[in-house]
Amino acid sequence: SSYAVLEGQYTLHETIGTGGFAKVKLGTHVLTGDKVAIKIMDKRLLGEDLPRVKLEIEALKELSHQHICKLYQKIEIENKIFLILEYCPGGELFDYIVERDRLEEKEARVFFRQIVSAVAYIHNKGYAHRDLKPENLLLDDEQNLKLIDFGLCARPKGGMETHLETCCGSPAYAAPELISGQEYLGNEADIWSLGVLLFALLCGYLPFDDDNVSTLYKKIQNGEYECPFWLSQKSKQLLHRLLQVNPKHRITVTELLTDPWLMEGFTEPVLWKNPFKTSKLDEECLIELSMYYGKPRTVIVEEIMQRNFTYISATYSLLLQRKAKGQRIRLESDT
Ligand SMILES: COc1cccc(Nc2ncc(-c3ccc(C(=O)NCC(=O)Nc4ccccc4)cc3)c(OCC3CCNCC3)n2)c1
């Protein structure tokens, strides 16, 4: 099968997600035994959207943030593209909220600060996500959120429109200007979706909901929603600033970083720059790789710095993550 290309690098397990033209399988990285998510796309099914997928992969290579799912490796053969991605053992935020009915303000605030940090980071990189919803926010093994773009909706400002654009985003989270087919700015639409997301975190249900899609659209365009009794004054004020029908009246992501509700119990505004961005590579991991492969350290450094997202750079990233969690970093059959 065309999975032969993964032989010896990854073992494939069950499918953990399917989308229009992609499916995600659970995988194991052979050398470390770590779990990964393997997104498999068929180039023939992608058709005219293939250039967009390539853009998305180039974008993902640039995105390095503690609350965005990491790309480890890209494997392309004649009909398939495999993306080896960070696996989040905690599953979707959607299920986490459903299991608890709704979250207390304190917990919702910690999560929301992480989401705002990730969104501010991608906006600063010139991207809009355009499909922010609990299904695209995953939990890692330390209860941290990782933003993903499962449906390939994120795109650079003024990027190319394709039919994928139309199917993008889920109506319940879509901004009024987006569903009325007007010209809209991805960043402003993302801020609206953050409002819907915050409401879902604090209430456990959606602010705008209806079985009939055109009624749902009317509710969104009127921007009318009811706040349940348990919401605090500050959270209602923030929701009001996020869920402004007129995008020009909506809070900006910069104002959001120091919003009073987000600051409650915190002294620091939300930080969106990647604090761990060190150009320095980790010596211990480099040595482990160079010993395992019997290649000089400089060759390993070269391969990682070229950012070709190969098996060696994937193994380096996984060793680095293991080290950050205090796990041992010995590679299998490294006797
Ligand atoms: C334990 O039970 C469970 C249960 C469920 C899940 C897990 N874990 C688990 N870990 C990792 C994944 C994953 C990561 C990244 C991408 C991706 O497409 N990245 C590309 C990307 O994010 N670009 C991008 C990001 C930000 C800005 C711009 C571009 C795709 C999938 C996963 O998928 C399963 C799907 C299922 C349907 N809903 C969405 C998740 N699932 C575990």
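If you're wondering where the values come from, they're calculated on a predicted model, not measured in any experiment. As the structure lists them, so they are numbered: ligands from 1, and atoms in each ligand from 1.
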Among all residues two or more places apart in sequence or in another chain, which pass the ring-ring contact (aromatic ring centres under 6.0 Å, His included) test with H67?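 If we apply the ring-ring contact (aromatic ring centres under 6.0 Å, His included) test to H67, skipping adjacent residues, the hits are H65.
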Table of N or O contacts for ligand 1, cutoff 3.5 Å:
unit_1   : atom_1 : unit_2 : atom_2 : d
ligand 1 : 8 (N)  : C88    : O      : 2.9
ligand 1 : 10 (N) : C88    : N      : 2.9
ligand 1 : 18 (O) : K39    : NZ     : 2.5
ligand 1 : 22 (O) : D149   : N      : 2.9
ligand 1 : 23 (N) : E56    : OE2    : 3.1
ligand 1 : 38 (N) : E92    : OE2    : 2.6

Within 6.0 Å of CD in Q143, more than 12 heavy atoms from elsewhere: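 Yes, enclosed.
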Return yes when atom OH of Y225 has more than 12 non-hydrogen atoms of other residues, nucleotides or ligands closer than 6.0 Å, and no otherwise. yes
Using a strict 4.0 Å threshold on nitrogen-to-oxygen distance, state whether D34 and R322 make a salt bridge. yes
Using a strict cut-off of less than 4.0 Å between a Lys/Arg side-chain nitrogen and an Asp/Glu carboxylate oxygen, indicate whether E142 and K325 qualify as a salt bridge.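 Salt bridge absent between E142 and K325.
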Yes or no on ring pair (Phe, Tyr, Trp, His ring centres under 6.0 Å) for H29 and Y311, after CA distance, side-chain angles and deciding distance? CA-CA 9 Å; H29 175 260; Y311 192 63; 4.8 Å; yes
